[in-house]
Amino acid sequence: MVNLPDFLNPAPATACPHLSDELAAIEATDPEQVRRDLDLLAAERDGRLSSRLRSLHRTPRTYLPRIVAEIEVYWRLAIAPYWGRIRSVLEADVFHRGRQVAEQGTAQALDELHHTVRWVSGGLHLVQRHCAITRIETGAGLLLVPSVFAWPRVLTRSVVPEPPQLAYPARGIGTLWERRTHERIEALAAVIGRSRALILAELDSPASTTELAQRSGLSAAGVSQHLTALRAAGLTSTHRAGRSVLYARTGVADALLRTDVKARSKRR
């Protein structure tokens, strides 16, 4: 497997970086880093680089803006039309992992990232990784990156002095392209009302009041009132993301929805 040059994958400056910020970071890459990354790539190819890569090696400042422009075009054509649903899957994974760390501890959360990742005796072990990562070679901490493109394996990045990165398949990738159904809210709707049950079902991924209104077809004012009641009952929680306030289901709400599905299955 050929590795991606590190300069094309800058460490995110924030938890939710904007594409323009990441493209600016690529364009501002130190030319010497570009050359080091390309030298490593050449070593994996028995010293061979394409003519375009050789040109990039000679004059990085000339070709980095062109690379950024190509990435932006690819994003606009291939990713942007689906980014809303992709982001929902990623945000849902982040909320799940954060809650798991709070309730069960970091070791449990790391153990459940992927079948090739294990926390053993105070150390993180990656099965079948082709090279080792040691603390001497990396910065402090560990950056976990959920991805819809990493399946079926995990990907790593280690660049001093940045913390090592571990990209893993996000939870819910299998449902990324499924049509959302509301079958699972039947029994719950009889107890808390159809609108509130519908809102809980729509919170498979965290969302703002406006987003929930768009997803559910309810008015923003109505959604806000229902969310206030659901939060008071311990079924939703709030989290600030930049200037937005996102709502997420709690573990209690997850359990209620699972119970509804099991009850319907037994009736069938």
Side-chain angles (χ1 to χ4, degrees), residues 1-80 83 86-87 90 93-94 110 113-114 116-117 123-170 242:
M1 181 183 71
V2 176
N3 291 321
L4 182 72
D6 287 319
F7 75 87
L8 292 176
N9 182 29
T14 64
C16 300
H18 192 274
L19 176 65
S20 60
D21 297 328
E22 299 207 308
L23 293 179
I26 293 175
E27 188 168 352
T29 303
D30 187 321
E32 290 307 311
Q33 182 184 341
V34 175
R35 294 188 179 101
R36 285 194 300 269
D37 290 351
L38 292 178
D39 287 341
L40 291 173
L41 185 61
E44 294 179 348
R45 298 180 173 185
D46 298 323
R48 297 190 303 271
L49 287 177
S50 68
S51 61
R52 291 185 178 182
L53 290 179
R54 290 197 301 270
S55 298
L56 174 61
H57 193 285
R58 285 194 301 270
T59 55
R61 293 294 188 202
T62 299
Y63 288 92
L64 282 174
R66 300 185 190 183
I67 292 174
V68 166
E70 290 294 331
I71 294 174
E72 192 167 15
V73 170
Y74 180 84
W75 162 269
R76 188 166 61 249
L77 295 177
I79 306 296
W83 178 240
I86 291 173
R87 184 181 61 186
L90 299 179
D93 183 275
V94 170
L110 291 172
L113 282 179
H114 192 264
T116 64
V117 178
L124 189 64
H125 296 256
L126 276 65
V127 179
Q128 296 180 338
R129 191 179 189 280
H130 70 281
C131 61
I133 297 178
T134 69
R135 268 289 165 228
I136 298 175
E137 300 169 342
T138 62
L142 175 64
L143 185 61
L144 300 178
V145 184
S147 172
V148 299
F149 303 112
W151 187 90
R153 58 191 304 168
V154 297
L155 306 174
T156 59
R157 178 180 185 270
S158 176
V159 178
V160 178
E162 299 170 1
Q165 294 183 30
L166 177 62
Y168 61 91

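If you're wondering where the values come from, they're calculated on a predicted model, not measured in any experiment. Both backbone and side-chain heavy atoms feed into the values below; hydrogens, waters and symmetry mates do not.
With a 4.5 Å cut-off on side-chain heavy atoms, R66 and E70 do not count as touching. The shortest side-chain heavy-atom distance between I67 and L8 falls under the 4.5 Å cut-off. The shortest side-chain heavy-atom distance between V73 and R76 falls under the 4.5 Å cut-off. Taking the side chain as every heavy atom from C-beta outward, L144 and L113 approach each other to under 4.5 Å. Side-chain contact between P164 and L142 is present, with at least one heavy-atom pair separated by less than 4.5 Å. Two residues are said to be in side-chain contact when any heavy atoms from C-beta on lie closer than 4.5 Å; W83 and L19 fail this criterion. Side-chain contact between L53 and R45: present, with at least one pair of heavy atoms (C-beta onward) separated by less than 4.5 Å.
Pairing each heavy atom of L23 with each of V68, the nearest pair is O-CG2, 3.5 Å. Smallest separation of non-hydrogen atoms from E27 and R61: O-NH1, 3.9 Å. The shortest non-hydrogen separation linking R54 to L49 is NH1-O, 2.6 Å. Nearest approach of T29 to L64, heavy atoms of both residues: O-CD1, 3.9 Å.
Atom NE2 of H18 is surrounded by 12 or fewer heavy atoms from other residues, nucleotides or ligands within 6.0 Å.
For the atom pair CD of Q33 and CG of D6, the computed distance is 7.0 Å after rounding to the nearest 0.5 Å. Residue H125 holds its NE2 atom at 11.5 Å from CG of L110, rounded to the nearest 0.5 Å. Distance CZ/F149 to CD1/I86: 4.5 Å, rounded to 0.5 Å. Expressed to the nearest 0.5 Å, how far CG of L56 lies from CZ of F7 amounts to 5.0 Å. To the nearest 0.5 Å, the span separating CG on L41 from CZ on R36 amounts to 15.0 Å.
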Under the side-chain contact (heavy atoms from CB on, under 4.5 Å) criterion, do D39 and H57 qualify, and how do the steps go? CA-CA 9 Å; D39 287 341; H57 193 285; 2.9 Å; yes
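Put simply, the side chain of H114 gets close to the backbone of P152: a donor and an acceptor are under 3.5 Å apart. A donor-acceptor pair is defined here as one N or O able to donate and one able to accept, closer than 3.5 Å; such a pair exists between the side chain of R35 and the backbone of R58. Listed for the D93 side chain is no donor-acceptor partner under 3.5 Å among the backbone atoms of P146.
With V34 as reference, L38 is the one residue of L38, D37, D30 to meet the side-chain contact (heavy atoms from CB on, under 4.5 Å) rule.
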